[in-house]
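One structure is given below, encoded as structure tokens.
Lettering follows sequence order; numbering is per chain, from 1. Quick caveat, the model's predicted, so the values are computed rather than measured.
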2 protein chains.
Amino acid sequence: MANGFETEDDDDRGLISDRIRNALTDEIAAGTLAAGAALDEQQLADRFGASRTPVREALRQLAAGGLVELRARRGGVVARMTPERIMDMFETVAEIEAVCVRLATYRMTPLERSRLIELHEFSRPIVESGDVDAYDSFNRQFHETIYHATHNGFLAEQAIAIRNRLNAFRRTQLRQGERLSRSRDEHEAIMQAIAEGDGEMASRRMRAHMLNAATSLSRFIEANKPA
Amino acid sequence: MANGFETEDDDDRGLISDRIRNALTDEIAAGTLAAGAALDEQQLADRFGASRTPVREALRQLAAGGLVELRARRGGVVARMTPERIMDMFETVAEIEAVCVRLATYRMTPLERSRLIELHEFSRPIVESGDVDAYDSFNRQFHETIYHATHNGFLAEQAIAIRNRLNAFRRTQLRQGERLSRSRDEHEAIMQAIAEGDGEMASRRMRAHMLNAATSLSRFIEANKPA
DNA sequence: ATGTCAATTATTGGATACATAACACCTTCG
DNA sequence: CGAAGGTGTTATGTATCCAATAATTGACAT
């Protein structure tokens, strides 16, 4: 891809507690660890061939990130996500993204603008190929570029953190090819508002864009829900 | 105060790690622990009459909250806050508050609306008395009432978390009596927009309100900065 | 037979001991 | 005299052990 972005998955080496945290994050994201599942410290320690100490630190970090709920002296469980809460999270992401794109519209440098345009153009062949994984990767870059263009490092961090947190819970990628072209059309509309320097318009379109993705996913979840 | 809100400062009992975390949070907020100060685990353990285990857990939690920076095998330091970063945090809070009040305007129940009006009226004698602590307490309730009125639990949590995180760094309360009446006037304007059902207007006024508080504080910090 | 209370058990919270990596200082060689 | 390498010290990462608490189960009384 040749654009300075790295996958940053420094797994399987370094701190054991970090390895455990990453592994658990993946398993929660993949759904291997179902929501509400009890997380026995000794059991996890055995599974990872470590002692309880790093397991506990991993659980604390996951709890801080919201993926795990800890109750004092009653152990941890994978955070239980109600459909309402998931929708709340999506709405929050949508609103934050809307804020970001508004600020970015007013503050982005010409370089950042051309970078964004370049990215957007780059997505056209991806949509045509229907490569969902590639589009997912592009999409992340597109949105993160906007975060950074706010020139507000803290806000960008928050946006990324919340987005990742939500990502961990969407166990099923969107496999609907149609969604890709709709997504790109919505990006197009956002790009146009940015080009016109209309931050408010860009903001409204971004909010709609995110909520479209949310309802689309929500419908999918509803159709495949277990009970 | 007779309004169901509690101070929730359940300190000095319960989990030791929580006590340590709260204590460190307070000390960082008060400036007793200067930014960049090294946090020796054994030293802290001795100071709190505990072992390193709960100290480590406290440090992890603080790191997750952004108050402490941890580097692998190189210990932790109190997060170094540049003025730019503080302004970024203020702006982020302002934007999130703006989102909250817009959603709240469209979604709040009559009960929540009357609760907010009641709170606002209650602040008049506080401003006249010039009791800064009392106003600070009221102010928190005012804003948190708005968070909850969004009927988006996740967003409310995020707003409170970020607000607390910022609070930890404003080591000096605003001691300017004049600011109180200005703050209340701004609340008044926000209330009016809410009453008219104009979420966008309420949003813009809230943003201005928060940024006013920010610049006011920033000026104060600038005037009293150490070096 | 059912409800309540107490004892036991299992699991988490905390303490201590040990391993390992990083930093500093000293020695030695160029 | 300066730089580089090694060694020693200090602090973090991990393991194991002990204590406290909550859940569960069984017994006894109503």
_Contact between B/Thr92 and B/Leu166 at the side-chain level, heavy atoms closer than 4.5 Å - yes or no?_
no
Close side-chain approach of A/Arg60 to B/Arg56, heavy-atom, < 4.5 Å = no
Subject >> Ring geometry between B/His120 and B/His187 (parallel below 30°, tilted from 30 to 60°, perpendicular above 60°) >> reply: tilted
Salt bridge (charged side-chain N to carboxylate O under 4.0 Å, His left out) filter on B/Arg107, not counting sequence neighbours, yields A/Glu91
Is a donor from one side chain sitting under 3.5 angstrom from an acceptor on the other, for A/His148 and A/Glu112?
no
A/Arg102 and A/Ser203 have their tightest heavy-atom pair at CB-CB, 4.0 Å
Within the structure shown, what part of the strands sits under 4.0 Å from B/Leu39 by heavy-atom distance: base, sugar-phosphate, or nothing? sugar-phosphate
Interatomic distance, CD1@B/Ile190 vs NE2@B/His143, rounded to 0.5 Å, equals 6.5 Å
Rounded to the nearest 0.5 Å, the CZ atom of A/Arg21 sits from the CD atom of A/Glu57 at a distance of 11.0 Å
Round to a whole Å and report the spacing from [atom1] of [X] to [atom2] of [N].
| X | N | atom1 | atom2 | answer |
| --- | --- | --- | --- | --- |
| B/Leu44 | D/dT10 | CG | P | 18 Å |
| B/Asp46 | D/dT12 | CG | P | 12 Å |
| A/Asp40 | C/dA10 | CG | P | 12 Å |

Axis-to-axis angle for the helix from C/dA1-D/dT30 to C/dG30-D/dC1, ends of five pairs each, to 10°, equals 10°
Counting primed atoms, P, OP1 and OP2 as sugar-phosphate and everything else as base, the B/S/- map of nucleotides 13-18 of chain C against protein heavy atoms under 4.0 Å is BBBBB-
